[in-house]
Amino acid sequence: MEYKQIKKENYNINLIKTDRFKTISVVFTFVRPFKKEYIPLSSLLNTMLVKTSKKYKQSRNIVTELEKLYNMDVFSKLSILGNIFTLEYGIEFINPKFTDHEMYDKSFSMFKELIFNPNVDDNKFSSKEFQIYKNNQIMNIESVKDNSTMFAEVNYNKIMFKKLPYENTPFSLLKLFKEIDEKSLYKFYKDIIFDSKFIVTVVGDFEEELILKNINKITKYLSNKNYELSELNLNEIETNKVNEVVEQKKLNQSTLLVGYKFYNLTDFERNYVLQIYNLILGTMNNSILFVNVREKKSLCYSISSYIHKYVPSITIEAGINSNNYDKTIKEIKSCVKLMKNKDEINKLFTNALNTINLTLNDYYEDVNKIVNHYVMKEINNIVGIEEMRENYNKVTVEDIVNLNKKIELNTIYFLEGTNDKKN
Amino acid sequence: MIKKINYKNIGEVMYEETLPNGFKIIYYPTKKSKNFYISISTLFGANVNKYKKNNKIIEVIPGTAHFLEHRIMDFTKNKKAMDLINGLGSMPNAYTMYDITNYNLFGSVDILKNIKLLLDCVFKAKILEKDVKKEVGIISEEIDMENDNLSYKIMSNIFKNAFVKDKSITTPILGTKESISRITSKYLIDIYNDFYTYDKMHMVVTGDFQLEEVSEYINSYFKNTKSNKKNIKVINEKEPKEVNIPYKELREDVTKTRTSILYKIPIPKIKGISPKKFDNYCNIILKCVLGSTSIVSEKIKEKNFTKFGSYAIKTKDYYMVEIHASGDNEDEFIELINQSINNIKITLKQFQSKINSMISMLILNFEDIYEVENMVTNQIKMDGKIIKNAKKDLESLTYNELKRVIKSLDFKEKTILKIKVD
């Protein structure tokens, strides 16, 4: 894999040349300081750009054109990275060396049509398609209630990450979503696409000259605004007492979410120790939570943990029978306490390091991970994958035990299934 | 002996080997990945409900295949194996479907140790009564979880509505709390001995490894083994053409009505069209009529329905197409689907475009070592062998044959399920 950065007058192009993939991916990432209204606006904008355009009003016409281009994929994604918001538009097409050399120009031309020739009249999105997609999205957002795990997570986030970007989800911002109209969405489009900091990333075994020629055709319209991006890391969660919330729903199984915050972490702890701590506590197949809560006590079918790097915290999620609520919480607390026991950590430590190594290997096989890495490198100046690997391998059992001294229970959220009491 | 399988025009090579005991291994060595992925599958899943062995009929308890999977893939009870996996940093997993149970390991360190771990786990399983008892609690929680899953609820209900006698897809994969409480270790061991035989199983190894070294190791592992094929015959009741229940309504805590329509189509015998070709043509028809390029998909969006989707599933005698959406004016949805299904028109251009798209998907399967395993396992499950000329097979499809297949499909029998807001 060869990396080359081309510094243009007002933006950078990251070229990652590799024959690992049979496809070529080109991704434009627009970067801004986070604002919560970007979430509903971007969700709708992504649909309006990828599903309809000035030339192709209906999404079926777009898919038909993409099929002609050997199933080219056009994608969009929004992300919250601490205090930063990113919006991504990209294409993935089969390397023209397997199909037709003209595919370079044709693929870019289709991308240009979709992202830069939107379905707009009189400075507003076309009402017909706008209303269809807006209504469809409202229904999809509301249907979060039909998925108990997602519904519990949305409610948990509002409590655990109160006043932080991560408290926001399309569901919690539905009111803002409903207020968007054809005009305000177009205004947002002009603003975020044409007036943001942007980064271009290309991955594949491409012909550089052809790729650059086509990228230039697009970037000449964009003005790279050099926003002052604040520190990615967010403040620690501030609460003095444990939040305990129980809600009820007609379900067979209850969902339990337990959130712990970490305080005063060093950069090394936040970037490396925390990941290994998470693997040992609740991610691996033989993690402390899985073995104790599921295997030894049979309290649940599923239990796992995940972390937030930018708001140092860990969340434990379990699907349980409501009768086991107290027992499960007690057991989870015991498992977290076990994380200070060197002998327990030692048993799983090599496994965790090897799992990290395995995951890092995966990076070379996943276009998304490669793109994310180079975008993060520009935003946050992160180190390369192999340097990361070295740093992970510097973590010691002692580091894990010390991290456990900085943990504090913050939130217990329980979506109680009212059907499961009958069982 | 290892046979080489060349995927011409795609630039990929696989290898196939069948051991004297009947166990089949497929290898896909590649330097694209720094990792490897190993799987072992048995063609035993939730679709086996009854079988004949030495003139004796044996009833299979619903949920057996899945229960067995839980007891076999259990590294936490085997400390020695768990310590080894810990040391290697590998990730084990398993799943059960209607027609298959699959055990797999993903790793990057010492492939031979990983292969031994997986082979020992699958072929030297220890099924103890105390562990079986404990497993009932864990699987009961899993059943609760699935019963809260709307898609699962729709799928299990619509299959029950469609089928009268054939239980091969109406039995829940996880079983019920009642059925799994009847499972004992002795019963599981009997089933294990009958269905985990070399002739019904295969192994796939993909990723970064040396072919000769891995093949030599697997051969030496099975050195003194013989075929353990059992004289068993799976029994499926003859299924009538008619659906069991044409219409059913349920009330649930949902935000909008969920509607599911299932067409029960007898598989026709068409001269000159093999079952594999028939599947490919049906795939094209489904994509054209109900896929994202179809007219109906636009109309459904315009009428404010969401979660629109469709899939096909086959039993021995029937090809079934399920179509679903969420939205309140469900009769309008049913009408739109009926109109499309009963008036199938596919242009030559559409047909060619779908073939190109299927070829491109075939090429992209080789991007990922998981996808290669998935593709191989599916081919063995569906066709009993690897499809060596998949690209050529697609290129050999003709527009005239497509029209003949469309003509042969009988959409008369259907069942409708509505899950309405409680």
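Order of the sequence lines sets the chain letters (A, B, ...), proteins ahead of strands, with each chain counted from 1.
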Part of A/Asn95 lying under 4.5 Å from any heavy atom of chain B: neither
Structural part of B/Leu150 lying under 4.5 Å from a heavy atom of chain A: side chain
Top contributor to chain B interface from A/Met139, A/Gln131, A/Lys250, A/Lys68 [non-hydrogen pairs under 4.5 Å]: A/Met139
Side chain / backbone / both / neither for A/Thr23 at chain B, heavy atoms under 4.5 Å: both
Residue part contacting chain A, namely of B/Asp368, when any heavy atom lies under 4.5 Å: backbone
Within the 6.0 Å centroid threshold, strictly below: B/Tyr37 and B/Tyr370: yes
Max heavy-atom pair count under 4.5 Å with chain A, selected residue of B/Ser326, B/Gly327, B/Ser108: B/Ser108
Lys/Arg-Asp/Glu bridge criterion (N-O < 4.0 Å) met for A/Lys22, B/Glu12: yes
Leading residue by heavy atom contact count with chain A [cutoff under 4.5 Å; candidates B/Ser151, B/Ser292, B/Gly137]: B/Ser292
Neighbour count >12 (heavy atoms, 6.0 Å) for atom NZ, A/Lys327: no
Among B/Asp148, B/Ile139, B/Thr306, residue most engaged with chain A (heavy-atom pairs, under 4.5 Å): B/Asp148
Centroid separation B/Phe366 to B/Tyr28 less than 6.0 Å: yes
Chain A contact via B/Phe106 - which portion, at a heavy-atom distance below 4.5 Å: both
Residue pair B/Ser357 / B/Ser360, side-chain donor-acceptor N/O under 3.5 Å: no
Contacting moiety of A/Leu358, where chain B heavy atoms sit under 4.5 Å: both
Salt bridge present between B/Asp208 and B/Lys34 (N-O < 4.0 angstrom): no
Check: B/Lys287/B/Thr293 side-chain N/O donor and acceptor closer than 3.5 Å: no
Interface residue of largest heavy-atom contact number with chain A, from B/Asn304, B/Asn147, B/Asn356, B/Asn93, under 4.5 Å: B/Asn304
A/Leu279 versus chain B, the contacting section by heavy-atom distance below 4.5 Å: neither
Contact class of A/Tyr364 relative to chain B, heavy atoms under 4.5 angstrom: side chain
B/Ile359 portion near chain A, given a 4.5 angstrom heavy-atom threshold: neither
Contact origin within B/Gln352 toward chain A - heavy atom pairs under 4.5 Å: neither
Atom group of B/Asp422 that falls short of 4.5 Å from chain A, counting heavy atoms: side chain
A/Thr64 and A/Glu67 side chains, donor-acceptor separation under 3.5 Å: no
Which portion of B/Leu364 sits near chain A, non-hydrogen atoms under 4.5 angstrom: side chain
Which atoms of A/Phe349 approach chain B - backbone, side chain, both or neither, heavy atom under 4.5 Å: neither
Donor on one side chain, acceptor on other, A/Asn119 and A/Thr52, under 3.5 Å: yes
Engaged part of B/Thr30 at the chain A interface, taking heavy atoms whose separation is under 4.5 Å: neither
Flag side-chain contact, heavy atom, 4.5 Å: A/Glu365 against B/Asn35: yes
Portion of A/Asn147 that has a non-hydrogen atom of chain B nearer than 4.5 angstrom: neither
A/Phe125-A/Phe130 aromatic ring centre distance below 6.0 Å: no
Option that, when pairs with chain B are counted at under 4.5 Å, heavy atom only, ranks first among A/Ile132, A/Asn135, A/Asn136, A/Thr350: A/Asn136
A/Lys97 atom NZ, over 12 foreign heavy atoms within 6.0 Å: yes
Side chain / backbone / both / neither for A/Lys249 at chain B, heavy atoms under 4.5 Å: side chain
Student check: side-chain heavy atoms of B/Leu84 and B/Asn114 closer than 4.5 Å: no
Portion of A/Lys57 that has a non-hydrogen atom of chain B nearer than 4.5 angstrom: neither
Per-residue contact mode, B/Glu298 against chain A (heavy atom under 4.5 angstrom): side chain
Residues, nucleotides or ligands: over 12 heavy atoms within 6.0 Å of A/Lys145 NZ: no
Residue selection (most heavy-atom pairs with chain A, distance under 4.5 Å) from B/Leu88, B/Ile143, B/Ile85: B/Leu88
Residues A/Asp146 and B/Arg258 bridged, charged N to O under 4.0 Å: yes
